[in-house]
Amino acid sequence: MSDHSYALDEALHLEPLGPGHYRLGAGQAYWNFTSAFGGWALAAAFAGVSRHEDSAGDLLTLGAVFPDALPEEPLDLHVSSIRLRSRTQFWKAQIVRPERPDAVLFECQLVLSKRKEHETGFDRPPPAAKAPEDCAEMDMTMGPKWLRHYRQRPVSGTPFSKQEEPASLVWIEEADGRPWDEAGLIAVSDTMMPRVFFADIVPRFGATASYSFHSFVTAQEIRKLGTMPLLVETNSDAIALGSYDQRARVWSQAGQLLFVTNQVGIFR
C-alpha cells in the first residue's frame, strides 16, 4: 500500500468526537468562489457514513441540498442511520458549524446496498469521443482553487459561448494521480461547469440547490479503474427563470457507465 498523501484524503480527514460525530477540517484546499466545493462536501458525507461501525455495502445513491455556504473554518459532520436493512441501508449526514449545530449548512441522504449481478440489464452506448491523449489540457490556474485538483481535457463544448444546446464532453482525472475509489467518484461528480456557462457569453454565477448521484458500479469495480481518465458527458433540459437543471453521465475509457448525476442550480 502506498504511503503517498493525496489531496482529497487530506481534505477528508475526520476527527472522531463521538458516535457519528466528527470534526471535519476546513475546505480551503477545495475552495470555490464563496464556499467550499460541493463535491468535497458530498465526499465528506460518504466518508462519515463509511466510517460508521454499522455501515455495510456499496454506495447506491445519494441526494443532497445546500442551504448555505460552507465557510473556510473547521466544521462538524453528523452521521446517523435512518434504517438499516439486511441488503440496503439508509443514512443521513449533516454539516454544521460547531457553535451552531441547529443551522444546517449541508444535508445529504445516502443509500448503501449489497450489490449483486442480475440477469436483467441494459447498456447505453457511450458517446463518441477522441482519446484523452488527443485532447488539449485546460489551464486550471485561473479558476477557483478546487479546480487545480483535476486535470481536464475538453472534447467538445465551449464555455462562455451561446451554444444551440448546452452540452459538453470532457476527460477528467485526479491531478495528483490519486486512484479512483467511491469518495473520488463522488467528489469528481460535481466538477461539471454550470450549464449556463454554455448558454451565454456572459459568466453567470450561482449555486447548486439540490443534487443527486446514482452509481452503477461496485467499490471493487471502481478500484480496477486505477488512475485512468474518465469521460464526463453533461447537458441540460432547461435553463429558465434564473435556474437550470444539469444531468451528467460519467464513463470509463472502456465505455462502462459508472454513474449519473442530476442537479438544479440557481444563478444571477
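Excluded from the calculations below are hydrogen atoms, water molecules and symmetry mates; all remaining heavy atoms, backbone and side chain alike, are included.
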As an exercise, state the distance from CZ of Arg148 to CG of Asp139, rounded to the nearest 0.5 Å.
10.0 Å
Under 3.5 Å, side chain of Arg195 to main-chain N/O of Met193, donor-acceptor pair present?
yes
Crowded around Ile266 CD1? As in, over 12 foreign heavy atoms under 6.0 Å?
no
Joint cluster assignment, Val232 & Val155, ILVMFWY side-chain distance < 4.5 Å:
no
Salt-bridge test for Asp58 and Lys114: reply yes if a basic N is under 4.0 Å from a carboxylate O, no otherwise.
no
Before you tell me yes or no, could you show the steps for Val188 and Phe259 under side-chain contact (heavy atoms from CB on, under 4.5 Å), namely the whole-Å CA-CA distance, both residues' side-chain angles and the distance that decides it to 0.1 Å?
CA-CA 11 Å; Val188 83; Phe259 63 85; 4.2 Å; yes
Sub-3.5 Å donor-acceptor pair from the side chain of Trp171 to the main-chain atoms of Lys130, do we have one?
yes
Of Val111, Val79, Ile82, the one forming a side chain to side chain contact (heavy atoms under 4.5 Å, CB included) with Trp91 is Val79
Leu105 side chain reached by Pro71 side chain, heavy atoms, under 4.5 Å:
yes
For Asp123, look at atom CG and say whether over 12 heavy atoms of other residues, nucleotides or ligands are found less than 6.0 Å away.
no
Just verifying a value: how many Å separate Ser168 OG and Asn235 CG, rounded to the nearest 0.5 Å?
8.0 Å
Give a yes or no on whether Met140 and Trp40 share a hydrophobic cluster (residues Ile, Leu, Val, Met, Phe, Trp, Tyr; joining criterion: side-chain heavy atoms under 4.5 Å apart).
yes
I would like to know whether Leu60 and Arg115 meet side-chain contact (heavy atoms from CB on, under 4.5 Å); could you show each step before the answer?
CA-CA 8 Å; Leu60 174 65; Arg115 316 295 288 269; 3.6 Å; yes
Approximate separation, where rounding is to 0.5 Å, of Leu225 CG and Glu173 CD
12.5 Å
Contact summary for Ala136 and Pro154, nearest pair of heavy atoms
O-CD, 3.4 Å
For residues Leu231 and Ala129, report the shortest heavy-atom separation together with the two atoms involved.
CD2-CB, 3.9 Å
Please find the pair of heavy atoms, one from Val96 and one from Pro101, that lie closest to each other, and give the distance.
CG1-O, 3.6 Å
Is it true that a side-chain atom of Asp245 and a backbone atom of Ala238 form a donor plus acceptor pair closer than 3.5 Å?
yes
Measuring only between side-chain heavy atoms, which start at C-beta, is Phe106 closer than 4.5 Å to Leu75?
no
Using a 3.5 Å distance criterion without hydrogens, assess whether the side chain of Arg51 forms a donor-acceptor pair with backbone atoms of Tyr22.
no
Using a 3.5 Å distance criterion without hydrogens, assess whether the side chain of Gln253 forms a donor-acceptor pair with backbone atoms of Met228.
no
Same apolar cluster: Val264 and Tyr244, side chain cutoff 4.5 Å
no
Between Ile95 and the options Val104, Asp76, Leu70, the side chain to side chain contact (heavy atoms under 4.5 Å, CB included) test singles out Leu70
4.5 Å side-chain heavy-atom contact, Leu169 and Trp251:
no
Polar contact flag, side-chain donor to acceptor under 3.5 angstrom, Gln89-Ser81
no
Which heavy-atom pair separates Ser210 from Val65 by the least distance, and what is that distance?
CB-CG1, 4.3 Å
How about Val196 and Phe205: do any of their side-chain heavy atoms sit closer than 4.5 Å?
no
Report the distance from atom CD1 of Ile172 to atom OG1 of Thr191, rounding to the nearest 0.5 Å.
3.5 Å
Indicate yes or no: at least one non-hydrogen side-chain atom of Ile239 is less than 4.5 angstrom from one of Phe267.
yes
Which pair of heavy atoms, one from Thr208 and one from Phe66, lies closest together, and at what distance?
O-CB, 3.5 Å
Report yes or no: do Thr88 and Arg83 form a side-chain donor-acceptor pair below 3.5 Å?
no
State, yes or no, whether a side-chain contact exists between Glu15 and Leu17 at a heavy-atom distance under 4.5 Å.
yes
Here the pair of heavy atoms bringing Leu257 nearest to Phe216 is O-CB, 4.0 Å
Hey, mind stepping through Tyr211 and Ser189 against side-chain contact (heavy atoms from CB on, under 4.5 Å) and telling me if it holds?
CA-CA 10 Å; Tyr211 190 93; Ser189 77; 2.6 Å; yes
Are any of the side-chain heavy atoms of Val260 and Arg247 separated by less than 4.5 Å?
no
Classify the angle between the aromatic ring planes of Phe37 and Tyr150 as parallel (below 30°), tilted (30 to 60°) or perpendicular (above 60°).
perpendicular
Can any side-chain N or O of Gln246 pair as donor or acceptor with the backbone N or O of Thr234 at less than 3.5 Å?
no
Salt bridge or not between Arg153 and Glu133? Use side-chain N to carboxylate O under 4.0 Å.
no
Treating Ile, Leu, Val, Met, Phe, Trp and Tyr as nodes and any side-chain heavy-atom pair under 4.5 angstrom as an edge, say whether Leu110 and Leu14 lie in one connected cluster.
yes
Between Phe160 and Phe198, is there shared hydrophobic-cluster membership here, with clusters defined by ILVMFWY side-chain heavy atoms closer than 4.5 Å?
yes
More than 12 non-hydrogen atoms from neighbouring residues, nucleotides or ligands closer than 6.0 Å to CD on Glu99, yes or no?
yes
Separation between CG of Asp102 and CD of Gln94, rounded to the nearest 0.5 Å:
10.5 Å
Measure the CD1-OG distance between Ile222 and Ser252 for me, rounded to the nearest 0.5 Å.
11.5 Å
Tell me, do Met192 and Val250 make a side-chain contact under 4.5 Å, heavy atoms counted?
yes
Under a 3.5 Å distance rule, please check whether Tyr30 uses its side chain to pair with a backbone N or O of Leu8 as donor and acceptor.
yes
Walk me through whether Leu59 and Phe46 qualify under side-chain contact (heavy atoms from CB on, under 4.5 Å).
CA-CA 8 Å; Leu59 180 66; Phe46 172 77; 4.0 Å; yes
Whether the side chain of Gln256 engages the backbone of Leu258 through a donor-acceptor N/O pair (distance < 3.5 Å, no angle test) should be reported.
no
